[in-house]
Amino acid sequence: MLKAELKIRNLPELLTFANGEKVENIADWKKRREELLRDLQSELYGKLPEAPKDIRFETESCEETFCAGKADLKKVNITCVLENGSHTFPVYCTIPHKKAKTTFVLINFRDPVPDRYLPAEELVDNDCAVFSFCYNDVTSDDDNFSNGLAEILFPNGRTKSDDAGKIAMWAWAAMRVMDYIQTLDFIDKERIVVIGHSRLGKTALFTGAMDKRFMSAASNDSGCCGAAIIRGKTGEMLPDIYNQFSYWFCPKFKEYALENKQFSFDQHALLAALAPRKLCVASAEEDSWADPKSEYLSCVAASEVYKLYGLKGLVHENEYPKAPIALHKGEIGYHIRKGLHYFSRTDWLYYLEYYNS
Ligand code: GTR
């Protein structure tokens with residue numbers, strides 16, 4: 001059933017180069033991956049900005065008795081020096097006093113910790129550290145490119161077809177948080193996961209695809225231009241997302257969103273770029289705008305690349321999963337829960353089960 005469904009979607013082949021040559025082995029795939037990441041940037045997200053010329057970390061405050069004395073809550077200001085100026089944004093570090101098993105970089109909608117999408121004490125109790133930042137502190141979630149990182153990158157506005165959209169900028173900021181974590185000797189550098197919900201789930205996937213220092217990316221209800229396959233998608237489609245959020249993407253995206261041009265890839269390429277690292281995709285049953293079926297099919301399709309590595313990818317049955325269920329046996333984890341579009345505590349519990357066991 002899934003095979004037939006995937007056939008109808010008519011996805012571009014992951015294991016065929018743009019020039020028609022076949023990917024035969026891992027060395028070939030590494031080149032194909034570069035090709036896909038190049039296209040994902042030039043057609044959709046825009047070019048990831050260069051790493052800063054200089055970066056500084058300054059601890060502004062530290063609460064050592066956070067969560068009944070089980071953790072530190074530190075606010076650290078990250079200053080990034082670029083060609084045309086510098087930008088500073090805060091990261092909030094929830095660090096359990098016991099060594100953390102898994103560390104999350106959470107790209108969030110708000111600053112405060114805890115937050116409705118960040119159950120800090122529960123994460124501490126489950127041996128997790130969380131480094132969270134608010135995307136608005138990097139640059140605003142609107143079409144204003146004259147603030148924060150956007151202004152420094154594009155002092156004269158965006159002029160090139162592949163200039164970074166806001167998603168690429170928030171992803172870049174998550175990588176700067178990773179730069180900071182690299183300086184902390186008490187964090188296990190092999191177990192760092194970037195995570196986000198919805199637009200920030202799209203951002204988490206792009207971050208994980210582009211930066212191999214992340215052991216994994218987790219996308220919660222990321223939908224259109226996130227985990228979901230675009231071809232045959234229902235709910236939000238390219239014109240919908242473009243009409244409201246064109247600034248998330250590069251200027252070139254307009255041709256695909258409004259002018260009927262076909263992408264050379266589909267979103268399973270974004271997922272496959274994480275292989276052989278882990279990946280976790282989550283859907284909500286009633287989130288028809290995101291389209292759970294297309295999110296799931298994307299995981300199935302991306303598994304092909306994991307198989308090239310002798311791995312499994314998503315371990316699944318030949319049918320759509322019915323909520324609530326978690327498929328956690330492979331390098332791609334997937335869960336679908338009951339309810340609406342939201343980053344719920346239920347989602348976190350599934351992520352904890354997937355990453356900590
Ligand atoms: C919606 C948007 C989705 C999703 C969501 C969110 O309005 O159409 O693609 O990203 O916002 O971020 O909450």
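Quick caveat, the model's predicted, so the values are computed rather than measured. All ligand and atom numbering here is 1-based and tracks the order in the structure.
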Does NZ or CZ of [X] fall inside the cone over [Y]'s six-membered ring, less than 6.0 Å from its centre and within 45° of the axis?
X: Lys261; Y: Phe253; value: no
X: Lys75; Y: Tyr92; value: no
X: Arg337; Y: Tyr350; value: no

(message) Given a heavy-atom cut-off of 4.0 Å, could you list the residues near ligand 1 in chain and number order?
(response) Ser198, Arg199, Lys202, Glu236, Ile241, Phe245, Trp248, Trp289, His341
(message) So that I can tick it off, tell me whether Glu285 and Lys338 are bridged by a salt bridge, with the cut-off set at under 4.0 angstrom between side-chain N and carboxylate O.
(response) yes
(request) Could you tell me which residues satisfy salt bridge (Lys or Arg N to Asp or Glu O under 4.0 Å) with Arg213, sequence neighbours excluded, listed by chain and number? (result) Asp179, Asp211
(message) Which residue is it: Glu121, Glu64, Glu122? I am looking for the one with a salt bridge (charged side-chain N to carboxylate O under 4.0 Å, His left out) to Lys70.
(response) Glu121
